S.K.: 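The following block contains the structure, expressed as structure tokens.
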Amino acid sequence: MNTQKKFVIKGGRVLNGEVEISGAKNAVVAILPAAILADEPCIIENVPDISDVDISIRILRELGAKVTYLGPHTYEIDARGVNSSCVPYESARKMRASYYFMGALLGRFKHCRVSMPGGCPLGDRPIDQHLKAFKKLGADTKVDRGMVDITTANGLHGAQIFFDCVTVGATMNAILAAVKADGLTIIENAAKEPHIVDLASFLNSMGAEIMGAGTDTIKIRGVKYLRGTSYAVIPDQIEAGTYMVAAAATGGNVLIKNVIPKHLESIISVMEKIGVKIEQFDDSVRVSVDGPLVKTSVKTRPHPGFPTDMQPQISALLCLAEGTSMIKEGVSEQRFQYVDELRRMGADIQVDGKVAVIEGTGKLTGAPVKACDLRAGAALMIAGLAASGVTTIEDIFHIERGYSDMAGKLRALGACIEKVTVVQKETGTQQDAV
Ligand code: EPU
């Protein structure tokens with residue numbers, strides 16, 4: 001007997017009220033492995049309830065770390081007992097960010113064996129730049145039957161690392177590996193995302209010497225010892241953007257709390273062009289709509305540009321706007337797989353390579369659809385909320401990788417959404433609400 005979870009949304013409800021944003025997925029999935037580098041226990045706060053965190057914690061425990069739940073969103077990680085530097089396929093395949101165990105284990109043990117990562121199917125996602133950084137720091141790397149073997153003859157030493165493309169993952173991995181290497185490391189053409197600054201701030205709070213995170217040149221002076229710390233993860237910029245778009249798509253009025261407005265600048269700018277009203281406060285933004293939504297052109301770029309992780313959600317919004325909009329994908333290889341699903345809901349979108357042209361129809365209709373990756377799932381949630389009729393979304397495990405209790409948060413804003421478990425029997429199917 002197979003079970004599958006789905007979201008069932010009765011669309012057309014206007015979202016109103018307040019929503020609290022959780023800690024950032026793409027920061028916490030690097031900060032949790034980074035705790036392996038600490039020589040004393042660390043307390044990490046504002047940890048989101050998402051399955052990528054569950055997987056990271058499971059891997060930490062498998063490696064020998066003691067992970068203690070201290071209360072809502074707070075864990076203590078004591079990595080002094082970590083006695084393995086191997087992350088097998090079964091653990092790593094479930095999420096892309098398992099690659100951060102390479103940098104963290106290499107930084108601590110000067111060798112590691114970690115499976116090639118899994119994660120969202122967004123096209124070819126090589127890790128050549130990660131391996132280039134490890135090699136520059138003095139490691140040998142070998143990929144053998146899906147496992148990456150990283151060894152060093154004489155430990156790790158500071159180096160000049162120039163990335164051939166701007167990459168979040170390789171920048172974070174280079175920081176993790178270099179933080180306890182001998183001497184000075186200089187990373188050039190580094191990614192500048194808020195989660196990179198957050199990882200550096202976490203490590204610096206333990207005594208690391210990382211300078212320039214958030215710019216394209218990061219300098220790291222290696223240290224021998226990292227003390228314990230208590231650190232709160234930054235709010236999730238993409239979760240915030242997703243609720244901002246959901247509010248706008250339903251013509252609602254929502255206060256999005258626990259955000260850093262500076263991290264939302266490019267999202268705010270695009271949404272304002274579409275005609276959405278956004279008021280900014282110290283740690284919240286209010287989204288409302290008091291006129292028609294209009295077409296625009298968007299190109300995704302590395303930070304501080306418009307994030308690729310918001311591209312599917314903004315496309316869903318543009319389906320509801322008047323006129324012809326254009327989306328250019330400037331970061332990911334394949335990020336338009338969700339388009340077929342939106343078409344099932346009445347969207348008029350043509351894709352040619354990395355460009356999508358959206359004819360705003362002003363409306364969407366509910367349909368059965370499938371989340372093909374995390375942000376595609378978020379876009380379908382938004383489309384379902386705005387559509388007339390019922391939308392059922394399958395494969396919601398993608399959504400649960402990165403969104404903390406999305407159905408609960410949306411229900412609190414007035415959405416009509418249920419998570420149902422479908423029990424598939426040999427003779428048919430049966431649904432139970434959970
Ligand atoms: N790239 C290479 N070689 C590498 C690494 C990257 O060619 O060694 C290329 C990629 O193929 C891609 C571009 O560089 O075309 C950017 O990739 P990046 O390394 O920045 O992405 P990532 O680290 O694999 C992270 C996020 C993604 C997000 C991207 C871009 C995590 C765990 N993942 O992925 O998040 O889309 O940065 O901002 O931080 C998501 O949250 O939904 C998600 C997919």
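Everything numeric in this text was worked out from a predicted model, so none of it was measured. For ligands, and for the atoms within them, numbers begin at 1 and follow the listed sequence.
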S.K.: Is the number of heavy atoms from other residues, nucleotides or ligands under 6.0 Å of Lys370 NZ greater than 12?
M.R.: no
S.K.: Quick one: does ligand 1 sit under 4.0 Å from the side chain of Pro126, the backbone, both or neither, non-hydrogen atoms only?
M.R.: both
S.K.: Is a side-chain donor or acceptor of Arg375 paired with a backbone partner of Gln313 at a separation under 3.5 angstrom?
M.R.: no
S.K.: When you measure from the side chain of Asn189 to the backbone of Phe162, do you find a donor-acceptor pair of N or O atoms at a distance under 3.5 Å?
M.R.: no
S.K.: Is Met172 touching ligand 1 with its side chain, its backbone, both, or neither, if touching means heavy atoms under 4.0 Å apart?
M.R.: neither
S.K.: State the atoms of ligand 1, each with its element, that fall below the 4.0 Å cut-off from a heavy-atom position in Gln129.
M.R.: 3 (N), 4 (C), 8 (O)
S.K.: Out of Asp52, Thr300, Asp128, whose heavy atom is nearest to atom 3 (N) of ligand 1?
M.R.: Asp128
S.K.: Which of parallel (below 30°), tilted (30 to 60°) and perpendicular (above 60°) describes Tyr231 and Phe202?
M.R.: perpendicular
S.K.: Check each of Ile196, Val331, Thr171 against atom 12 (C) of ligand 1 and report the one with the nearest heavy atom.
M.R.: Val331
S.K.: Where's the contact between Thr167 and ligand 1, heavy-atom distance under 4.0 Å: side chain, backbone, both or neither?
M.R.: both
S.K.: For ligand 1, which atoms sit closer than 4.0 Å to a heavy atom of Lys25?
M.R.: 40 (C), 41 (O)
S.K.: At a non-hydrogen distance cut-off of under 4.0 Å, which region of Asp309 contacts ligand 1 (side chain, backbone, both, or neither)?
M.R.: side chain
S.K.: With distance as the sole test, does Thr74 use its side chain to make a donor-acceptor pair with the main-chain N or O of Pro72 at under 3.5 Å?
M.R.: yes
S.K.: Any non-hydrogen side-chain atom of Leu60 less than 4.5 Å from a side-chain atom of Phe101?
M.R.: yes
